[in-house]
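Report on the structure given below.
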Amino acid sequence: MSKPFDLGGRVAIVTGGNGGIGLGMAQGLARAGAALVIAGRNANKNAAAVKALQALGAKVAAIEADVTQQAACRALVEAALAQFGRVDILVNNAGINIRKQPQDYTPEEWKSVLDTNLTSAFLCSQAAYPAMLKAGGGKIINIGSMLSIFGAAFAGPYGASKGGMVQLSKSLACAWAKDNIQVNAVLPGWIDTELTRAARKEVTGLHERVLARTPAGRWGGPADFAGIAVFLASSASDFVTGAAIPVDGGYSSQA
């Protein structure tokens with residue numbers, strides 16, 4: 001393990017990788033030498049992400065994909081194999097939120113959040129498994145949340161999906177350890193993204209409460225996820241699997 005954080009020759013798929021935490025992770029992986037396949041539904045954001053990653057010297061492809069659909073997940077992996085010949089790393093980052101009181105959700109809204117946030121991670125992991133097996137191992141990084149740990153009155157489906165993400169990670173870690181595939185979850189704290197900017201508009205006092213609770217004294221940014229992405233995608237984490245790691249500025253440590 002002479003260069004434990006070197007990702008040269010490795011290929012990573014990042015769902016929802018065209019912005020926010022996904023793009024922050026993709027930039028970290030790019031700087032470490034990985035080639036990247038970005039999956040997102042917005043063609044303009046995909047193009048901007050490709051440009052940003054190519055500026056770091058990375059080989060990049062962008063795929064428009066609805067990762068709630070099994071066929072699309074399989075097509076995404078096939079596209080990565082066709083472009084780069086292998087798949088070593090999968091970051092399951094695609095996610096949405098709908099903020100309401102529990103009694104006000106429709107079944108369709110519940111299903112939309114669960115399918116986008118949790119089912120997509122399962123389907124993409126299933127799709128990537130044969131390619132990782134062929135490559136002799138792999139790394140899967142699932143994006144949970146502080147709401148994997150805590151509850152919020154306005155985020156029932158989101159919290160359920162992110163709690164499920166931790167348990168899915170543990171199950172996959174146990175099942176695929178024999179195949180040299182490590183599976184871990186990252187639990188972001190309050191991060192300055194499009195999703196949380198909307199939350200600050202919709203939830204009175206959220207900004208002030210987050211700052212008061214976070215020892216680091218600030219909101220996180222997408223760049224704060226570059227390091228954890230490289231660690232969990234590299235040989236440095238070969239004996240780390242089934243973990244759920246907060247990246248939250250100390251939010252979950254302070255009462």
Side-chain angles (χ1 to χ4, degrees), residues 5-7 10-42 44-63 65 67 80 88-97 116-117 120-121 124 139-148 158 162 165 169 183-200 210 214 216-234 236-237 240 243-252:
F5 299 104
D6 181 15
L7 297 178
R10 300 302 174 98
V11 177
I13 296 173
V14 184
T15 71
N18 58 13
I21 291 169
L23 181 56
M25 287 190 154
Q27 288 170 321
L29 299 175
R31 289 189 182 98
L36 289 142
V37 177
I38 299 301
R41 289 187 282 192
N42 184 313
N44 291 333
K45 286 180 68 177
N46 285 356
V50 167
K51 188 174 180 180
L53 292 163
Q54 286 176 335
L56 299 174
K59 297 177 181 177
V60 191
I63 307 292
V67 291
D88 305 280
I89 301 153
L90 171 64
V91 180
N92 286 311
N93 170 72
I96 62 170
N97 195 4
T116 303
N117 296 5
S120 69
C124 285
K139 305 282 187 171
I140 298 176
I141 305 169
N142 292 326
I143 308 306
S145 168
M146 280 298 94
L147 295 187
S148 298
Y158 185 86
K162 294 302 187 178
M165 199 69 130
S169 301
V183 187
N184 294 286
V186 172
L187 311 185
W190 289 100
I191 312 302
D192 184 23
T193 65
E194 286 182 27
L195 274 180
T196 60
R197 284 177 211 133
R200 276 174 272 180
V210 167
T214 304
R218 65 175 177 88
W219 288 62
D224 290 313
F225 291 83
I228 192 71
V230 173
F231 171 62
L232 291 177
S234 71
S237 61
V240 179
I245 303 171
V247 180
D248 65 353
Y251 183 93
S252 59

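Residues take their numbers from the sequence shown, with the count starting at 1. Everything quoted here is computed from the prediction, not taken from an experiment.
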Please verify the inter-ring angle class for Phe5 with Phe231; under 30° counts as parallel, over 60° as perpendicular, anything in between as tilted. tilted
The single option from Leu232, Leu36, Ile141 passing side chain to side chain contact (heavy atoms under 4.5 Å, CB included) against Met25: Ile141
Would you indicate whether the side-chain heavy atoms of Phe225 and Ile143 approach each other to under 4.5 Å? no
NZ/Lys162 to CG/Asn97 distance, rounded to the nearest 0.5 angstrom? 9.0 Å
Here the salt bridge (Lys or Arg N to Asp or Glu O under 4.0 Å) pairs for residues 18-42, sequence neighbours left out, are Arg41-Asp66
Just jot down the side-chain hydrogen bond (donor to acceptor under 3.5 Å, both in side chains) partners of Asn93, sequence neighbours excluded, or say none. none
With sequence neighbours left out, write down each residue that passes side-chain hydrogen bond (donor to acceptor under 3.5 Å, both in side chains) with Asp88, or none if nothing qualifies. Arg86
So, the side chain of Asn92 versus the backbone of Cys124: is there a donor-acceptor pair under 3.5 Å, distance only? no
Between Asn46 (side chain) and Gly40 (backbone), is there a donor-acceptor pair under 3.5 Å? yes
Sort out for me which residue in Val14, Val37, Ile13 forms a side chain to side chain contact (heavy atoms under 4.5 Å, CB included) with Leu90. Ile13
Check salt bridge (Lys or Arg N to Asp or Glu O under 4.0 Å) between Lys139 and all other residues, then give those that pass, not counting sequence neighbours. Asp238
Asn18 (side chain) donor-acceptor with Ala49 (main chain) under 3.5 angstrom: no
Are Val186 and Ile21 close enough that some pair of their side-chain heavy atoms sits under 4.5 Å apart? no
I'd like to check the side-chain hydrogen bond (donor to acceptor under 3.5 Å, both in side chains) partners of Thr15; sequence neighbours left out, ordered by chain and number. none
Could you tell me whether a side-chain N or O of Thr214 sits under 3.5 Å from a main-chain N or O of Ala216, the two making a donor and an acceptor? no
If you look only at distance, which donor and acceptor atoms sit under 3.5 Å apart when one is on a side chain in residues 51-58 and the other is two or more places apart or in another chain?
none

Rounded to the nearest 0.5 Å, the CG atom of Leu23 sits from the OG1 atom of Thr193 at a distance of 12.0 Å
